[in-house]
Novice: 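Sending over a structure as structure tokens; questions will come in a sec.
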2 protein chains.
Amino acid sequence: MRPREFDHDDVLRIAFDQFWRKGVRGTSLSDIARDAGVQRGSLYNAFGSKEALFLLAYERYAGDYLVALQKALGAGSLRKRLTTFFDLTITNFRSGSPPRGCPTTRGLMELGAAEGEGLDEDARRAFANLVSRITALVEEALSAGAERGEFSGNPAAAALHIITVTRGLAVLERAFGDEPQLRKIAAHAIDLVLGKGVR
Amino acid sequence: MRPREFDHDDVLRIAFDQFWRKGVRGTSLSDIARDAGVQRGSLYNAFGSKEALFLLAYERYAGDYLVALQKALGAGSLRKRLTTFFDLTITNFRSGSPPRGCPTTRGLMELGAAEGEGLDEDARRAFANLVSRITALVEEALSAGAERGEFSGNPAAAALHIITVTRGLAVLERAFGDEPQLRKIAAHAIDLVLGKGVR
DNA sequence: GGCGTATTTGACACCATGTCAAAAACATGC
DNA sequence: GCATGTTTTTGACATGGTGTCAAATACGCC
């Protein structure tokens, strides 16, 4: 058989960069093909469709991101962990120039109907899956903190609250692009969940 | 001059319904034209572009929505006001079948770059404007509540926190579509901001 | 009733996704 | 070393989107 003339992973990396900057619907396969130095048809041959290509590229991003968060949430006092967690989250939203925002939140809001059909539904599942996994990590940290007396409350409810705040931050980032404001909101959220007293 | 053959407001209403259900990029002017019984060209003549049409339709929605929220935030105890506020917010996200989500949040995340050019920037301003106005309403309610001893804390910071949660709820709605969960998160947020004691 | 002006209409240019058949390039067996 | 077979590449095509334009049209107004 004839060997492929391009590197599978290179294309995924290049494609996700574009998807991140311009959104799925705002990125054309021609853009990606040009950037990757590949014929558009080859992309269809290799990946099937734009959505399938996006899904692969996104899974790669989600995996890397989850590992980074896991590290952030695994060391230090609970307050320290949450601070690092929010810091990483906001830094991720504000990375790139101009800042690229949160690809997961963007993807979720770009979906068609909530009960969509076909590949849209696969994408929704992928986005929701990352959100769920992050929630689980946060809840774990809170539970551990509770055992050490750093937190009193319902870990599951608090984790859900924190996740909701991170999704809200992703939205406010697009609305105002005011990074100091985002960080203030994050600090306030930590204070609310942990109690305002310094520990 | 020749009179217009369609009603300006009818088209805005029909258009926004589609934009809400399918997003700006997911809705074609052909769709709107068909639904409204108007030639596509007439829409371009009357509104200039899809984005301009969307902007007009959105302003109409935003105005109505703001009035409704104002009413929700203007009566009863602070806890009651916030409860009604979240209730209205979630009900709005979950309206329609299938539920249509939050048009403002969706619009914000659909934007190109944060420092976009042209009409994208106009749209961003419109979305951000609604968010700002809602924040102001919430802050007002909190300040009033503070004077009556129903709340102790920084009204501005708390309002920003609450707004962040509502934006996060809009995102989780798309991810999971779990309305009871959304309502639990909202109740938890109110407890956090107001203090968990029943009042 | 005719004129002017704004709206309507259909053709067009351009770019997007996705499909397909023909051409090309290597791996393999002989 | 060379023919064969399979996969990738390539370019043409169908379809549908946005946006522009000139010609046709229909009404208000004089």
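Within every chain, numbering begins at 1; the chains are lettered A, B, ... in the order of the sequence lines, protein sequences first and strands thereafter.
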Novice: If you measure from the Lys or Arg side-chain nitrogens to the Asp or Glu carboxylate oxygens, is any gap between B:Arg79 and B:Asp191 under 4.0 Å?
Specialist: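 Salt bridge between B:Arg79 and B:Asp191, a charged N being under 4.0 Å from a carboxylate O: yes.
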
Novice: Counting side-chain heavy atoms from C-beta on, which of D:dG19, D:dT18, C:dT7 comes nearest to B:Ser30?
Specialist: D:dT18

Novice: With respect to the side chain of B:Arg4, which nucleotide from D:dC27, C:dT17, C:dT8 is positioned closest?
Specialist: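 Between D:dC27, C:dT17, C:dT8, the one nearest the side chain of B:Arg4 would be C:dT8.
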
Novice: Do A:Phe54 and A:Phe47 make the cut of ring centroids closer than 6.0 angstrom?
Specialist: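 Between A:Phe47 and A:Phe54, which both carry aromatic rings, the centre distance is not below 6.0 Å.
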
Novice: Counting just side-chain N and O atoms, does A:Gln39 come under 4.0 Å of either OP1 or OP2 of D:dT8?
Specialist: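 For A:Gln39, the contact criterion (side-chain N or O under 4.0 Å from OP1 or OP2 of D:dT8) is not met.
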
Novice: Please work out if B:Phe47 contacts a base, only the sugar-phosphate, or nothing of the nucleic acid, heavy-atom cut-off 4.0 Å.
Specialist: nothing

Novice: Check whether more than 12 heavy atoms from other residues, nucleotides or ligands sit under 6.0 Å from atom CZ of B:Arg183, and answer yes or no.
Specialist: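 Yes.
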
Novice: Report yes or no: is there a donor-acceptor pair, N or O only, under 3.5 Å between the side chain of A:Arg2 and the base of D:dT8?
Specialist: yes

Novice: Going by modelled atom types, is there a donor-acceptor pair between the base of D:dG19 and the side chain of B:Arg40 at under 3.5 Å?
Specialist: yes

Novice: Measure centre to centre between the rings of B:Phe16 and B:Phe19, then say whether the value is under 6.0 Å.
Specialist: no

Novice: Look at the side-chain N and O atoms of B:Ser42 and state whether any lies under 4.0 Å from the OP1 or OP2 oxygen of C:dT8.
Specialist: yes

Novice: Considering only D:dT8, C:dG18, D:dG19, which nucleotide approaches the side chain of A:Asn45 most closely?
Specialist: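 That would be D:dT8.
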
Novice: For the side chain of B:Glu5, counting heavy atoms from C-beta on, which of C:dG18, C:dT9, D:dG17 is nearest?
Specialist: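 Closest nucleotide among those given: C:dT9.
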
